[in-house]
2 protein chains.
Amino acid sequence: MQVGKASVRFEKPPVIEAAASIAGKKEGEGPLGKMIDLVVEDAMFGTDNWEQAESTLQKKTALMAMEKGGLQKKDIRYLFAGDLLGQLIATSFGLMDLEVPLFGLYGACSTMGESLSLGAMTVQAGYAERVMAVASSHFATAEKQFRFPLAYGNQRPFSATWTVTGCGAVVLSAEGKKGMARVAGITTGRIVDMGATDSMNMGAAMAPSAYHTIRQNFEDMDVNETYYDKIITGDLGEIGRKILLDFMKKDGYDLEDVHMDCGMEIFDKESQDTHAGGSGCGCAAVTLCSMILPKIQDGTWKRVLFVPTGALLSTVSFNEGQSIPGIAHGVMLEHID
Amino acid sequence: MQVGKASVRFEKPPVIEAAASIAGKKEGEGPLGKMIDLVVEDAMFGTDNWEQAESTLQKKTALMAMEKGGLQKKDIRYLFAGDLLGQLIATSFGLMDLEVPLFGLYGACSTMGESLSLGAMTVQAGYAERVMAVASSHFATAEKQFRFPLAYGNQRPFSATWTVTGCGAVVLSAEGKKGMARVAGITTGRIVDMGATDSMNMGAAMAPSAYHTIRQNFEDMDVNETYYDKIITGDLGEIGRKILLDFMKKDGYDLEDVHMDCGMEIFDKESQDTHAGGSGCGCAAVTLCSMILPKIQDGTWKRVLFVPTGALLSTVSFNEGQSIPGIAHGVMLEHID
């Protein structure tokens, strides 16, 4: 069961029984627009402020995932959830009404990988028949917290990414259930810091952690890039992708064709002016639920290594001159025959 | 294994093999002073700012727990850790050098309960031989983030608690190992909001969640207050304790003698001017490692329900007029004969 240094291969792989995604107007206009379950034009989601908007987004997505699975609140044993905001307020206020035991997680934009990992571990161990993994982000709450208030209208360098307004929620269930994909194994990331200090170039901050987790997965599982139909990182964007591919190439792995990045899939760079790509917990979460899982379900991809990447950016540590460390959590997703 | 609505009783109870606590000068002058492994007089821990101080505190404590257990970094398979700061910067920067896979957690002051729970689940499932659970807080980083900069010298009402500068770290190992106590089971909390809105009275905000988790534990495990030698909450303080005891009394449970609160143990109210008591992730974590575990080890207490309590306070949601929800995670600790 325990494999190598940082991985688990599940003997009874948990099943992703249902998944739902909700996103904002801009995401709806992007390449994934038609695959996202619900696109909400009002960025305020009918509430009074951005934070309540994100909470509402998260709650609606969780409820939709249950509905798609034909499930009720009482069928979900644990929630594994998080967001980008201090004290996880989108999660706390969003999931409160579900009245389900909650493990609050913080992995920056890697949170969907962290929640899937812990959720799968919990289900296969028999602690729960069903759990839910949830992660969200909102452009306006994130910009307000991490960079500049929107009203400043500051210019964005080309290396900047665009925080996705969106949420993904996944129901993980015990082996044997019907579902979209199974979780074959996980590789858990550690914090990697190569000294990146530019908050407008998060791809560069995260690429080393993605590299580390993918290499660790190859080593622990005794595989290489040819084992997977796709290796999908969270939100490296164009610049981060280049760094990752360079690092891997030096070790003798060619990821040129097999690699995909959620941040580069969710927006159309030319028409949407999003520069390096999408980011935020919602980026990997929405891409997973709207595009990756359906493609695994229909057999387009048989084996996927899903690696959401997080930049542990804090305005406090950043202003104190610290670097931006990264973390990436790998989840092995497989087609169910 | 799965018991009732929100609990797990472990068939192969993981063992707390080693534990360490480090705290600041004020905590060292309190009633637990002599039991804390290391008291550091310099609140800056030799660094340039408060956040680095807390990171250093966390790193030193984790290394000390390993040392006390005769272990090296490579013996620890996963870290389950968190703190109170946005983006968990005390944890990210503190535990980076350990180079161990990390699950970052946010449960406010309940984090030690959350990390112990997930750590114990991971060990008993066989995903790891050994993991570490860590939680910290620092008076100066917390006041700066949540309330007023220290230099303002604002007055504190009597309902206010004092954030503990301290960290606790615990090594959880597979059944059969020698150790200080075993983890017999867990009861995972959900978010409970009864509308408390006073950030200077966190005990009142957290008491309902403690009540909920303790009641759930009684129900799931089919026990009552007489089953435990002690039921120990995290940082309710005097006011929160009164509320908890009142709530329990209405349901027919008398917790007057069996209840203890880490926040009321760690400081001497009369001489230390800490008002309602101690708080912060470090409060429950330091009390656990310095006092509770040794008393379980020597047999003073055979069965303890440890219930760290968290108030999900955020300055953003607070300033937007939202309430302060709470969460509490229960961990059943037992003497090893």
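Chain naming here is simple, since letters A, B, ... match the order of the sequence lines and numbering starts at 1 in each.
For chain B, the nearby parts of A/Leu105 are the backbone and the side chain; heavy atoms of each come within less than 4.5 Å. In this structure, no portion of A/His212 lies under 4.5 Å from any heavy atom of chain B. The contact between A/Leu84 and chain B is made entirely by backbone atoms, counting heavy-atom distances below 4.5 Å. Using a 4.5 Å cut-off between heavy atoms, A/Phe80 touches chain B through its side chain atoms alone. Contact of A/Ala108 with chain B is not made at all, since no heavy-atom distance falls under 4.5 Å. Heavy-atom distances place both the backbone and the side chain of A/Gln124 under 4.5 Å from chain B. Neither the backbone nor the side chain of B/Lys74 has a heavy atom closer than 4.5 Å to any heavy atom of chain A.
Counting heavy-atom pairs closer than 4.5 Å to chain B, the top-ranked of the candidates A/Arg77, A/Glu99, A/Glu51, A/Met121 is A/Arg77. Contact count versus chain A (heavy atoms, under 4.5 Å) is highest, among B/Leu118, B/Leu313, B/Asp193, for B/Leu118. Contact count versus chain A (heavy atoms, under 4.5 Å) is highest, among B/Gly107, B/Ser317, B/Gly86, for B/Ser317.
Ring planes of B/Tyr127 and A/Phe10: perpendicular class, angle over 60° (limits at 30 and 60°). Relative orientation of the B/Tyr78 and B/Phe103 rings is tilted, given thresholds of 30° and 60° on the angle between their planes.
The shortest side-chain heavy-atom distance between B/Ser7 and B/Met221 falls under the 4.5 Å cut-off.
Here A/Glu129 pairs with A/Lys177 in a salt bridge; the nearest charged N to carboxylate O distance falls below 4.0 Å. The pair B/Lys144-A/Glu320 meets the salt-bridge criterion, with a side-chain N (NZ, NE, NH1 or NH2) lying under 4.0 Å from an Asp/Glu carboxylate O.
One side chain, B/Ser136 or B/Gln58, offers a donor N or O that lies under 3.5 Å from an acceptor on the other. Donor-acceptor pairing under 3.5 Å is recorded for the side chains of B/Glu54 and B/Thr141.
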